[in-house]
Amino acid sequence: MRLLTAAVTSLALTLGAQAASAAPVEIKFSHVVAENTPKGQMAVKFKELVDERLAGKVEVKVFPNSQLFGDNKVLEAMLLGDVQMAAPSLSKFQKYTKTLQIFDLPFLFKDMNAVEKFQNGPEGQKLLGALQKKGLVGLGYLHNGMKQLSASQALKVPSDASGKKFRIMTSDVLQAQFEAVDAVPLKKPFSEVFTLLQTKAIDGQENTWSNIYSKKFFEVQPFITESNHGVLDYLVVTSAEFWMELDADLKVEVKKALDEAILHGNSIAAEKAASDKQKIIDSKRSQVLSLTDAERAQWVEAMKPVWKQFEDQIGADLIKAAEASNN
Ligand code: SIN
């Protein structure tokens, strides 16, 4: 009897010690932008909420500025278990699904309200599952904003872009978009853009106000055309393996914290775009150009045929649904 009691006590002590020493679940969150951006702030908020609510059980480590992985490598790393969360731009998933290419179609969404309406609607919500077969889980959309065109020369009409080299994200739609105006698109990682612009290896790029400001592109690009020609938003993703193995109670709490952090990021995105645009204007390093309706119409006319080019891959119905979100 004494032996049995001793054995039970010893087992209880061992289990207790194991529970006490069980390391928290680690969530490495890797991204490529600066901290003072909607994505940077969303990641910080997520960490804060998890620290507050799940201390000792889950630990979030945020790696901004491509410190851990560039966006072109992060999804492979996620599938290998080297990173648990990321929020690549929607333009960086084409290796895994063609349907998310919808977000790259030029002049499809008239503004961020339309983007949000589409993302929150049935088609947008269904797209969150587009990566399932590839072992990735879409956890939510995150806003950055509408893209602008920056360049070494003023871009007012499509012919101004002719022959110029533009850095693009890894997207065939974006490639076709620049080819439609006879420009030369080059797929390059975000971390290389500043140097490519500074050394004049390329003439321009497209990005949001917050990325142009936080990565100082405006300091090496004398002109920015406020074209609002496309959207740059994100999909927060994790691997199906990590997500499935996460304890059910923890999963609920982690998802809740993530949803709140995404809401926070989305709530500051529009304000950030407006204030970063103003800071660029105030810096006088770059001239912000607006387009007349007639000039804008020329860009639309030149770029819109790209929709047809990708209709089979994306789906005509999906494009229609996205268009309808403008109303
Ligand atoms: C990002 O906002 O995550 C990067 C966008 C880019 O690659 O241009």
Side-chain angles (χ1 to χ4, degrees), residues 23-71 73-75 77-90 92-93 100 112 115-116 119-120 124-125 127-129 131 135-145 190 208 210-211 214-215 232-273 276:
V25 176
E26 186 178 67
I27 300 182
K28 288 192 194 128
F29 192 124
S30 169
H31 70 82
V32 299
V33 293
E35 268 197 352
N36 61 339
T37 57
K39 182 159 60 180
Q41 289 299 298
M42 173 265 161
V44 166
K45 184 74 167 179
F46 176 52
K47 179 181 170 45
E48 279 170 9
L49 292 173
V50 170
D51 281 354
E52 207 177 283
R53 298 171 188 173
L54 297 170
K57 294 182 187 157
V58 180
E59 188 178 3
V60 175
K61 290 184 181 159
V62 182
F63 299 87
N65 293 311
S66 310
Q67 271 168 19
L68 196 58
F69 294 106
D71 264 351
K73 288 271 177 289
V74 74
L75 296 176
M78 186 171 280
L79 290 170
L80 291 172
D82 294 336
V83 61
Q84 288 69 41
M85 275 193 199
S89 137
L90 289 159
K92 294 178 180 170
F93 289 95
L100 288 175
M112 290 307 292
V115 173
E116 179 148 314
Q119 289 175 349
N120 290 338
Q125 288 299 301
L127 283 179
L128 289 176
L131 301 158
L136 295 167
V137 181
L139 296 170
Y141 294 105
L142 173 69
H143 294 326
N144 187 328
F190 187 59
T208 57
S210 84
N211 282 349
S214 61
K215 286 294 174 188
L232 196 165
D233 263 16
Y234 306 111
L235 186 63
V236 183
V237 277
T238 188
S239 81
E241 193 179 335
F242 171 75
W243 202 234
M244 265 161 42
E245 281 174 8
L246 191 61
D247 172 272
D249 294 343
L250 288 184
K251 195 184 301 189
V252 170
E253 286 302 315
V254 167
K255 182 68 168 63
K256 198 162 158 259
L258 188 68
D259 289 345
E260 285 176 43
I262 288 176
L263 272 181
H264 173 70
N266 286 349
S267 74
I268 61 169
E271 165 55 25
K272 199 108 216 23
D276 287 348

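With sequence neighbours left out, the salt bridge (charged side-chain N to carboxylate O under 4.0 Å, His left out) criterion links Lys45 to no other residue. Looking at residues two or more places apart in sequence or on another chain, you find a side chain to side chain donor-acceptor pair (under 3.5 Å) between Asn211 and Asn207. Contacts of Tyr141 classified as ring pair (Phe, Tyr, Trp, His ring centres under 6.0 Å), with partners at least two apart in sequence or in another chain: Phe103. With sequence neighbours excluded, no residue forms a side chain to side chain donor-acceptor pair (under 3.5 Å) with Glu253. For the side chain to side chain donor-acceptor pair (under 3.5 Å) test, no residue two or more places apart in sequence or in another chain qualifies with Ser239. Partners of Phe190 under the ring pair (Phe, Tyr, Trp, His ring centres under 6.0 Å) rule, at least two apart in sequence or in another chain, are Phe217. Applying the salt bridge (charged side-chain N to carboxylate O under 4.0 Å, His left out) test to Lys92 and every residue at least two apart in sequence or in another chain returns Asp71. With sequence neighbours excluded, no residue forms a side chain to side chain donor-acceptor pair (under 3.5 Å) with Lys28.
Remark: Lys39 qualifies as a cation-pi partner of Tyr234 under the 6.0 Å distance and 45° angle criteria applied to the six-membered ring.
The minimum heavy-atom distance between Gly40 and Val33, with the atom names listed, is N-CG2, 4.1 Å. Of all heavy-atom pairs spanning Ala257 and Leu49, the tightest one is O-CD1, 3.5 Å. When all heavy atoms of Val83 and Ser30 are compared, the pair lying nearest together is CG2-CB, 3.6 Å. Taking each heavy atom of Pro24 and Gly56 in turn, the nearest pair found is CB-O, 3.5 Å. Of all heavy-atom pairs spanning Met42 and Val236, the tightest one is CE-CG2, 4.4 Å. Taking every heavy atom of both residues into account, Val237 and Met78 meet most closely at O-CE, 3.4 Å.
Note: Phe69 CZ to Asp82 CG = 5.0 Å, rounded to the nearest 0.5 Å. Taken to the nearest 0.5 Å, the CG atom of Leu100 stands 5.5 Å off from the CG atom of Leu127. Note: Leu258 CG to Ile262 CD1 = 4.0 Å, rounded to the nearest 0.5 Å. The line from CG of Leu75 to CG of Leu131 is 8.0 Å long, rounded to the nearest 0.5 Å. Between atom NZ of residue Lys47 and atom CG of residue Asp51 there is a gap of 4.0 Å, rounded to the nearest 0.5 Å. Rounded to the nearest 0.5 angstrom, Leu142 CG and Leu263 CG are separated by 10.5 Å.
Within the structure, every pair that satisfies the salt bridge (Lys or Arg N to Asp or Glu O under 4.0 Å) test and touches residues 259-270, not counting sequence neighbours, is listed here: Arg53-Glu260, Lys255-Asp259. The list of side chain to side chain donor-acceptor pair (under 3.5 Å) pairs with a residue in residues 58-67, not counting sequence neighbours, reads Glu26-Lys61, Asn65-Lys215. Applying the side chain to side chain donor-acceptor pair (under 3.5 Å) test to every pair with at least one member in residues 263-273, sequence neighbours left out, gives these pairs: Lys272-Asp276.
Residues Val32 and Val74 form no side-chain contact, since every pair of their non-hydrogen atoms from C-beta on lies 4.5 Å or further apart. The shortest side-chain heavy-atom distance between Leu139 and Met85 falls under the 4.5 Å cut-off. Here the side chains of Phe46 and Val254 are in contact, with some heavy-atom distance below 4.5 Å.
With 3.5 Å as the limit, one finds a donor-acceptor pair spanning the side chains of Ser210 and Asn144.
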Show which side-chain atoms of residues 240-250 pair as donor or acceptor with protein atoms under 3.5 Å away, not counting sequence neighbours.
residue : atom : partner : partner atom : Å
Asp247  : OD1  : Asp249  : N            : 3.1
Asp247  : OD1  : Leu250  : N            : 3.3

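Formation of a donor-acceptor pair under 3.5 Å by the Thr238 side chain with backbone atoms of Gln84 is found in this model.
Counted within 6.0 Å of NZ on Lys57, heavy atoms from surrounding residues, nucleotides or ligands total 12 or fewer; the atom is thus considered open.
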Determine, stepwise, if the pair Val62 / His31 fulfils side-chain contact (heavy atoms from CB on, under 4.5 Å). CA-CA 8 Å; Val62 182; His31 70 82; 4.0 Å; yes
